[in-house]
Protein chains: 2
Amino acid sequence: MTSTENSFIDFISNGHDITNDVCKAIESKILIKKVKKKELLQRKGDTNLKAYYVKSGLLKSYTIDENGKEHIFMFAPEKWIISDINSLAIPGGSDLFVQAIENTEVEVISPEIFQLISDDKNNSHLKEVNKLHRRNAVLQKRIISLMSQTAIERYNDFIKTYPGIVQRVPQKMIASYLGITPQALSKSISQASAKR
Amino acid sequence: MTSTENSFIDFISNGHDITNDVCKAIESKILIKKVKKKELLQRKGDTNLKAYYVKSGLLKSYTIDENGKEHIFMFAPEKWIISDINSLAIPGGSDLFVQAIENTEVEVISPEIFQLISDDKNNSHLKEVNKLHRRNAVLQKRIISLMSQTAIERYNDFIKTYPGIVQRVPQKMIASYLGITPQALSKSISQASAKR
DNA sequence: CGATAATGTTATCATTTGTTAATGTTTTGG
DNA sequence: CCAAAACATTAACAAATGATAACATTATCG
């Protein structure tokens, strides 16, 4: 990855050997989309799942439980990919909503594009698998964190894990990400700073 | 998968087109290991990571937090694969311990075996990726569950997700999986049954 | 079998987090 | 700039969960 990476092709080219043919085939299928703040890219239950490479702006993926409460699954700032492609392998469509927090420009990546990459014999598939493993590891860490840490501890970890995001999203979203109410987070933060 | 699947080869052959050569190469590298109850297959921090296909018995993977409390990440009964192969992509070695709950027979799968599968051009790599996506989806569901459900709700889900396991593991392990103390689970269960 | 360890239950009290509501502040968009 | 919406904070009380301890039950293994 160069420091100027700003496209899905750059993103996956990192460490991959992608043939020029495949590269062009992919580029021809990638769609650029601009979404405004609060606009939805994907709804829970959607079956035509896509992935989104964020060129600029900020997205979130989240679920809404039976009580109508929102739970953010992840944030995706510039150069991140957000998707619920998982759900391709699962009946019932997407579990998640994807919505723009800021005005955002994304590259829309359809499942067929992943297919192209996988079909490219010159490409080292291990890299793709490796990325899935990394994602897996992130999820694993988060589960363990949810089971073993208190909300304020998770908050402090969050700040380290997503530097800069705290400044860009309302605190209630961070609470949602942490799995607690905005009130509880506000309380925790003020108590924690009072101790110092 | 046939209903008599009882090996890693059977497991990955499901839906894959594996050449006979690769198949034999894999088989020659798979090691069968018997572990007794409470025996450790892997320790936190281990760098020579393996995956384990469970032929019989029952394994758990777990972490131990700063307070010495155990948090179970997953259970693996017969025909499941347990691994922290994720951590291959992450510095610092494994996050998890893997230990036998019952006397267990496993096939030890080293990373090079995954390499063999990935290098087999006749094999549809998408299937491998698909499995990772499924695993991903499971983790995702669990995170959402941890954020949005109460302990007793997670317990009821657990019973559905892992039928039969409730009978095979001590309740305190289920508590650990759910992210609560054994006492809290005992309380929750008795309260829930009292309401009926 | 019998001693020991492991597990499950119950109880009490503390802590964390949730719920609801009120209020003040900030942001947004016309 | 102004009105409305979104957000943050605080408070009082409820509910869930944790910590600790005591005790009962069950499993293990020599």
Side-chain angles (χ1 to χ4, degrees), chain A residues 35-39 57-58 60 62 64-72 99-104 145-159 165-195, chain B residues 36-39 57-58 60 62 64-72 75 99-104 145-159 165-195:
Chain A
V35 287
K36 287 196 179 163
K37 195 169 174 170
K38 297 190 185 176
E39 202 172 321
L58 184 58
K60 64 174 175 176
Y62 61 100
I64 293 183
D65 69 20
E66 327 74 48
N67 305 318
K69 182 179 292 184
E70 177 180 319
H71 299 278
I72 295 182
Q99 190 182 37
I101 294 174
E102 305 172 352
N103 292 338
T104 300
S145 161
L146 281 166
M147 293 200 300
S148 59
Q149 291 183 300
T150 179
I152 188 68
E153 290 170 334
R154 300 203 297 278
Y155 176 74
N156 290 326
D157 280 1
F158 175 87
I159 292 172
I165 300 295
V166 188
Q167 282 57 267
R168 290 169 68 183
V169 304
Q171 191 167 292
K172 58 181 283 197
M173 283 193 193
I174 297 173
S176 172
Y177 180 89
L178 298 175
I180 60 173
T181 60
Q183 293 89 334
L185 180 57
S186 176
K187 206 192 301 180
S188 293
I189 292 175
S190 68
Q191 282 173 357
S193 62
K195 282 183 185 168
Chain B
K36 287 196 179 163
K37 194 167 173 171
K38 299 189 182 176
E39 203 171 320
L58 184 59
K60 64 174 176 176
Y62 60 100
I64 293 183
D65 69 21
E66 327 74 48
N67 304 318
K69 183 180 289 184
E70 176 180 319
H71 299 278
I72 295 183
F75 293 106
Q99 189 182 37
I101 294 173
E102 304 172 353
N103 291 339
T104 300
S145 161
L146 281 166
M147 291 199 303
S148 60
Q149 292 183 300
T150 180
I152 190 68
E153 290 169 333
R154 299 202 299 278
Y155 177 73
N156 290 327
D157 281 1
F158 175 86
I159 292 172
I165 299 295
V166 188
Q167 284 56 268
R168 291 169 67 185
V169 304
Q171 190 168 292
K172 59 181 282 194
M173 281 192 193
I174 298 174
S176 172
Y177 180 89
L178 297 174
I180 60 174
T181 60
Q183 293 87 337
L185 180 56
S186 176
K187 203 193 302 181
S188 294
I189 292 175
S190 67
Q191 283 173 356
S193 61
K195 283 183 184 166

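So you know, we letter chains A, B, ... as the sequences are listed, proteins then strands, and number each from 1.
Whole-Å rounding puts the B:Glu70 CD to C:dT7 C1' distance at 14 Å. Rounding to whole angstrom units, CD of residue A:Glu102 and P of C:dT28 are separated by 10 Å. At whole-Å resolution of the value, CD in B:Gln149 and C1' in D:dT17 are 16 Å apart. In this structure, B:Leu146 places its CG atom 15 Å from C1' of D:dA16, rounding to the nearest Å. At whole-Å resolution of the value, CG in B:Leu185 and C1' in D:dG18 are 14 Å apart. Whole-Å rounding puts the A:Met147 CE to C:dT17 P distance at 16 Å. As rounded to whole Å, 11 Å separates atom P of D:dA15 from atom CD of B:Gln191. Atom-to-atom, CG of B:Asp65 to C1' of D:dG18 comes out at 13 Å; the value is rounded to the nearest Å.
A side-chain contact (heavy atoms from CB on, under 4.5 Å) with B:Ile101 is found for exactly one of B:Leu58, B:Ile165, B:Ile72, namely B:Leu58. Checking B:Arg168, B:Lys60, B:Lys38, B:Lys36 one by one against B:Glu102, the salt bridge (charged side-chain N to carboxylate O under 4.0 Å, His left out) holds for a single residue, B:Arg168.
Taking only side-chain atoms of B:Thr181, from C-beta outward, the nucleotide of C:dA6, D:dG18, C:dT16 with the closest atom is D:dG18. Checked against D:dA11, C:dT28, D:dG18, the side chain of A:Gln183 finds its nearest nucleotide in D:dA11. When the nucleotides D:dA8, D:dT28, C:dT16 are ranked by their closest atom to the side chain of B:Lys37, D:dT28 comes out on top. The side chain of B:Pro170 approaches C:dG8 more closely than any other nucleotide in the set C:dG8, C:dT17, C:dA6. Relative to the side chain of A:Gln171, the nucleotides D:dT17, D:dA8, C:dT16 differ in distance, and D:dA8 lies closest. Distances were taken from every side-chain heavy atom of A:Ala184 (C-beta onward) to each of D:dT17, D:dT28, C:dT17; the shortest belongs to C:dT17.
The backbone N or O of A:Glu70 sits less than 3.5 Å from a side-chain atom of A:Ser176, completing a donor-acceptor pair. B:Ser145 places no side-chain N or O within donor-acceptor distance of the main-chain N or O of B:Arg154, the cut-off being under 3.5 Å.
Residue side chain B:Lys187 does not reach the base of C:dG8 through any donor-acceptor N/O pair under 3.5 Å, judged by distance alone.
A sub-4.0 Å separation between OP1 or OP2 of D:dT9 and a side-chain N or O of A:Lys172 is absent. Note on B:Ser188: every side-chain N or O is 4.0 Å or more away from OP1 and OP2 of D:dA16.
Positionally, the nearest nucleotide of DNA chain D for B:Ile180 lies more toward the 5' end than for the other of B:Ile180 and B:Lys38.
With contacts defined as side-chain heavy-atom distances shorter than 4.5 Å, the pair B:Tyr177/B:Leu185 does not qualify.
At the heavy-atom level, B:Ser186 lies under 4.0 Å from base atoms of the strands shown.
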